[in-house]
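The block underneath contains the structure these notes are about, expressed in structure tokens.
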Amino acid sequence: MARYTVRETEEKWQAVWAERGTFRATEDPGRPKYYVLEMFPYPSGRLHVGHIRNYAIGDVVARYKRACGFNVLHPMGWDAFGLPAENAAIANRTHPGAWTFENIRVMGEQLRLVGLSYDWDREIATCTPDYYRHEQKLFLDFLKAGLAYRKESWVNWDPEDHTVLANEQVIEGRGWRTGAPVERRQLTQWFLKITAYAEELVAAIETLDRWPDRVRLMQHNWIGRSTGASMRFALKHRNDGLDVFTTRPDTLSGASFCAVAADHPLARELATGRPEVQDFIDECRRLGTSEEAIQTAEKTGFDTGLVALHPFDGRELPVYIANFVLMDYGTGAIFGCPAHDQRDLDFARKYGLPVRPAHWPRGVTPLDPEGDPAHAEILARHRQAFADHGLVIVPDDTAEGGVRGYLHILDTAFLPRDVALSEEGLSAAGKTIVAAARAEDAQAYDLCGLVPTGTVLSIAAAKDTAIAALADRDRGEAKTTYRLRDWGVSRQRYWGCPIPVVHCPDCGVVPVPEADLPVTLPDDVSFDQPGNPLDRHPTWKHTVCPSCGGAAVRETDTFDTFVESAWYFLRFCSPHSDRPFDEAAAKYWMPVDQYIGGIEHAVLHLLYSRFFTRALQACGYDTVDEPFAALMTQGMVVHETYADPDGAWVYPEEVEEREAGPVRARDGAPVTRGRLEKMSKSKKNVVGLEKVVETYGADTARLLLLSDSPPERDLEWSDAGIEGAWRFVNRVYRQVTEPQASLPAMDAPVPDAIGAAAQDLRRRTHKTIAAVDGDLQGFHFNRAIARLRALSNAIGDFRPADAADAWVLREALEALVRLLCPITPHLCEELWQVLGYGDLLTTHPWPEADAALAADAAVTLGVQVNGKLRSTITVPVDADRALAQAVALAEAPVRRAIGDKTVRKVIVVPNRIVNIVVG
RNA sequence: GCGGGUGUGGCGGAAUUGGUAGACGCGCCAGACUCAAAAUCUGGUUCUGGAAACAGAGUGUCGGUUCGACUCCGACCACCCGCACCA
């Protein structure tokens, strides 16, 4: 029995593809294009099998689309700037560049092992001046367009990496790479004006209909659009006012205090000469921004003695400095409405401030709400503010029949629903309120007399009313704010793209002229002390001012590495262009038709890229606004983990199964099996790529990575799994190389008479073609593989008896090989040759199903009695109801189930089911 | 706290618009081939009872709609993820 010599075969076809330039992409306006891209890797060392899933998915898409006639662009490169290179340089006394290029070499070889259909002529590495000179040019464009600026601000400082981090790179108060608690520092930094596109970026999410909802939602939340009102409180005894943003202008009549952030200019002003104010501000700053600190910190405030005047009724409101008000959001100042905001309520309790309902149906209660004991009681009972959909309990003294009714409206968290919405014993007015409350977000308002007390309004209408009243008094207007902050791109590190500006003592910040680009990194740097080597370099930063020619220094900060990945997909369209990208090429290829990568970039990289394309348009580049038409986020590859008694991780290959449980082979120490974890070096559960490819071949690894789980879910890598995939690869190889009959020539005509069994196989073949095509279009690779296994099983069961059967067998084998080709391309290329073809299967057109041949002659229907399956019957396709009913009623188990009961109704759904209703 | 997702055999997962639940694979069991093993092939494998025929139960839980529900509706439970002092 001929064994499949997997390594030789794979190397052979890889060489053929490379030699013929099979995957080279060129613009061809005559053909539809398809740009498929996997998020390019950071060259961190070596790839393991877990890394390959992403690329395997992209490769199937690329190969499938290519076979379907698309002009496919499928490039690969290296996101090559970054801190690990510097850390490695410090640890190993090498140069970050040397380390990076060595990793690129190794990982490039690894990728080539897998037979991925990349156009390697387009390979880029972002750490080369060839790439980053264009990035510097783009930055100069941004600068000119006012999209890049420098300002002093509070920034996130990672004390371990000695650099600033963008907001997006702080996860739960810690640096995204180091996990070190982030510190606040005030520094002068370069920013890109992503907030200029906040509205566009949030609005266009809707157009990304081929992105996962999860990612769209995360971006939506990240941008954090809030609509409301911007308003100004007058300050008693002062000429200036206090600007406040609120999303709830409808609760303005319930305002009982104002508060400003510790960093607010007003607070700073008050601090001069008043040490007690300064002390409080210092205390707020000490608090930190970590999750624990925020959760445990009490809401504290400092009464400044200033008094704000309510815009509607002139009521006097104390102004506090409060530790929970953020300078970063809105205006850094708020008004507090304790009745409708939990945090404000906590604050009001602590400082004895009044709780005044804004939506309170006075038309129903005869009491003054401010002094209403019922209200106080309710607050005491629930210790909850009535948030927007919160509970309103209305004492209804006008109830009929002498029943003192309470309306429990809206929030069923506190009360059973039946109580909450009972109208029993209520007055007509009460019933109106309940009805209004049921209408989603309606509330009764008084709004400081702007509307008649007890007027029932939706919250939206009440907001509009309040905003209109503010505008009338020239006190405010509708306003939208965003949580999104501008993107801080300065990093105090060496291994990044130098920011192309010069600081001149006379001219200030001067951009490096385009003719002087690139500003290249110096090679002779030392990492023997912490901090930025560029800053310490003896000569590099000293230069002359491009403007006045005087002595000046270079900017020593480098760009955040997310800047490189924010436009690399454009560079791939024309990687050798002497401009950042060739607009005609980008016009042809962009947008990326299918982008594939991990969910971890849901906000960072994907948001930055969406901003970049828009910013480029603003700078006059002719390109798309949305870079990625479709996005697929693949799940992780997980693998078993083991730990020894001390809790240290143990490599699975060191573990031996004994009767008493798993032990470490070396010393027999018992080990515990841990959870399935994402493959990582630290958990010692990675599976090396080379070893797998050497033993089983790249095709087998690709097959496993694509079968079993849907691509967006996690996939377990296991020894049994790879063995199973290997079995299938060999089975297909044997089926084609040792067929059950001698196959006819490839151009033999369709035989005249085909037997019944062969007809079945033909039908199966054409059904499989149609189904696999649909599966690949929908990224259901696991389903496609299941169907192909089923076809292989059918081929294995088929016993050809004559020449016609052999012809049908050949047709089935060809279909199997062609359909499997995107998944296991080397094997299929080999088998295509075995089948007698001289061309490359990779460039051969995709098979088409013949619908007539795929159609069934007969169909098996389930027969139910009272909805319970009792039998199945086989009838001709589209058999009429009467026939199906007659056959069904003749079935013995059906008759038994009916027994002596009467048949009341027989439901026949043609080609689906028969249901006999008895009783 | 806010928002989102997922719950199907021993395991990964299949199931068009509501229409035979468990495709396909892994694992396991039995058998063939073999001196033996590996590989390969054949059959079985949701659970309970039964030798079998067959019967009953079954898609996180409870309820509803329907001739018929993994699928639709309501309430809940569990797990996972994102954001979080955002006014």
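In what follows, chains carry the letters A, B, and so on, assigned in the order in which the sequence lines appear, proteins first and then strands, with residues in each chain numbered from 1. Bear in mind that the values here come from a model prediction, so they are computed numbers and not experimental data.
- Summarising the geometry, the separation between CD on E716(A) and P on C26(B) is reported as 14 Å, rounded to the nearest angstrom.
- At whole-Å resolution of the value, CZ in F728(A) and P in C24(B) are 13 Å apart.
- A890(A) and R895(A) get closest at one heavy-atom pair: O-NH1, 2.9 Å.
- R483(A) has its CZ atom 11 Å from the P atom of C86(B), to the nearest Å.
- Aromatic ring centres of F347(A) and Y320(A) lie closer together than 6.0 Å.
- Distances were taken from every side-chain heavy atom of A790(A) (C-beta onward) to each of A14(B), C86(B), C24(B); the shortest belongs to C24(B).
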Pairs under 3.5 Å (N/O, protein and nucleotides 50-57 of chain B):
from	atom 1	to	atom 2	distance (Å)
G56(B)	OP2	R870(A)	NH1	3.0
A57(B)	OP2	K868(A)	NZ	3.0

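- Of the candidates A84(B), A14(B), C24(B), A84(B) carries the atom nearest the W222(A) side chain, counting heavy atoms from C-beta on.
- S707(A) has no side-chain polar atom (N or O) that falls below the 4.0 Å cut-off from OP1 or OP2 of G13(B).
- Heavy atoms of V909(A) sit under 4.0 angstrom from at least one base atom.
- Looking at heavy-atom distances under 4.0 Å, R214(A) makes contact with sugar-phosphate atoms alone, never a base.
- Set against C85(B), A87(B), C26(B), the side chain of F324(A) has C85(B) as its closest nucleotide.
- Considering only side-chain atoms of S709(A), the nucleotide from G13(B), G19(B), C83(B) that sits closest is G13(B).
- One P atom belongs to G5(B), the other to A75(B), and the distance between them is 15 Å to the nearest Å.
- Atom P of nucleotide C81(B) and atom CD of Q219(A) are separated by 21 Å, given to the nearest angstrom.
- The main-chain N or O of A855(A) is never found under 3.5 Å from a side-chain atom of H766(A) such that the two would form a donor-acceptor pair.
- A donor-acceptor contact under 3.5 Å is formed by the side chain of N915(A) with the base of C67(B).
- The listed nucleotides are A87(B), A14(B), C67(B); the one nearest the side chain of I334(A) is A87(B).
- Using modelled atom types and a 3.5 Å distance limit, the side chains of E199(A) and Y482(A) yield a donor-acceptor pair.
- OP1 or OP2 of C41(B) has at least one side-chain nitrogen or oxygen of R734(A) nearer than 4.0 Å.
- Inspection of the S792(A) and Q735(A) side chains reveals an N or O donor paired with an N or O acceptor under 3.5 Å.
- Looking at RNA chain B, the stems built from 3 or more consecutive Watson-Crick or G-U wobble pairs, each pair with its key distances under 3.5 Å, are B:1-7 with B:77-83, B:10-12 with B:24-26, B:27-32 with B:40-45, B:46-49 with B:54-57, B:60-64 with B:72-76.
- When each of C86(B), U40(B), C41(B) is scored by its nearest atom to the side-chain atoms of R727(A), the top-ranked nucleotide is U40(B).
- Nearest heavy atoms, A854(A) versus R763(A): O-CG, 3.4 Å.
- Rounded to a whole angstrom, the distance from the P atom of U6(B) to that of A15(B) is 14 Å.
- Among the protein residues, N793(A) comes within range of the sugar-phosphate backbone only, with heavy atoms under 4.0 Å from sugar or phosphate atoms but none that close to a base.
- Taking atom CG on L703(A) and atom C1' on C26(B), their separation rounds to 13 Å, with Å as the unit.
- Of the possible donor and acceptor atoms, none in the side chain of T824(A) sits under 3.5 Å from a partner among the backbone N and O of L827(A).
- Applying the salt bridge (charged side-chain N to carboxylate O under 4.0 Å, His left out) rule to pairs touching residues 780-800 of chain A yields D775(A)-R783(A), D775(A)-R787(A), sequence neighbours excluded.
- Here U20(B) presents its P atom at 10 Å from CG of L861(A), a figure rounded to the nearest Å.
- The only option from T700(A), L704(A), L705(A), D699(A) that meets the side chain to side chain contact (heavy atoms under 4.5 Å, CB included) definition with R702(A) turns out to be D699(A).
- The side chain of R713(A) has G13(B) as its nearest neighbour among G19(B), C24(B), G13(B).
- Spacing of C1' atoms, A53(B) relative to A14(B), comes out at 30 Å, to the nearest Å.
- Spacing of P atoms, U59(B) relative to G64(B), comes out at 15 Å, to the nearest Å.
- For G63(B), the base is anti relative to its sugar; the glycosidic angle deviates from 0 by more than 90°.
- Applying the salt bridge (charged side-chain N to carboxylate O under 4.0 Å, His left out) rule to pairs touching residues 324-335 of chain A yields nothing, sequence neighbours excluded.
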Pairs under 3.5 angstrom, nitrogen or oxygen only, protein versus nucleotides 45-48 of chain B, please.
none

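- Within residues 774-784 of chain A, the residues that place at least one heavy atom under 4.0 Å from RNA chain B are, in residue-number order, N782(A), R783(A).
- A side-chain donor from one of T195(A) and D486(A) sits under 3.5 Å from a side-chain acceptor of the other.
- A gap of 34 Å separates the C1' atoms of G19(B) and C29(B), to the nearest Å.
- Remark: the separation of the C1' atoms in C70(B) and G60(B) is 12 Å, to the nearest Å.
- In this structure, I205(A) places its CD1 atom 18 Å from P of G3(B), rounding to the nearest Å.
- Here S871(A) lies out of heavy-atom contact (under 4.0 Å) with every strand.
- N782(A) and S707(A) are not linked by any side-chain donor-acceptor pair at a separation below 3.5 angstrom, with hydrogens and angles left out of the test.
- The L217(A) side chain lies nearest to G3(B) when the options are U40(B), G13(B), G3(B).
- Counting only distance, with no hydrogens or angles, the side chain of R53(A) and the backbone of Q634(A) share no donor-acceptor pair below 3.5 Å.
- With hydrogens and angles disregarded, no donor-acceptor distance shorter than 3.5 Å links the side chain of R870(A) to the backbone of P893(A).
- Rounded to an integer number of Å, the gap from E723(A) CD to C26(B) C1' is 12 Å.
- Distances were taken from every side-chain heavy atom of A720(A) (C-beta onward) to each of G25(B), C26(B), A87(B); the shortest belongs to C26(B).
- Remark: the N793(A) side chain and the R731(A) side chain contain an N/O donor-acceptor pair separated by less than 3.5 Å.
- Dashed line: the shortest gap from a side-chain N or O of R731(A) to OP1 or OP2 of C41(B) is under 4.0 Å.
- In R214(A), the CZ atom is not crowded: 12 or fewer heavy atoms of neighbouring residues, nucleotides or ligands sit closer than 6.0 Å.
- Taking atom P in both A55(B) and U61(B), the straight-line distance is 25 Å, to the nearest Å.
- Listed nucleotides C24(B), G12(B), C83(B) differ in distance to R789(A); the shortest reach to its side chain belongs to C24(B).
- In this structure a side-chain-to-backbone donor-acceptor pair under 3.5 Å is present from N730(A) to W726(A).
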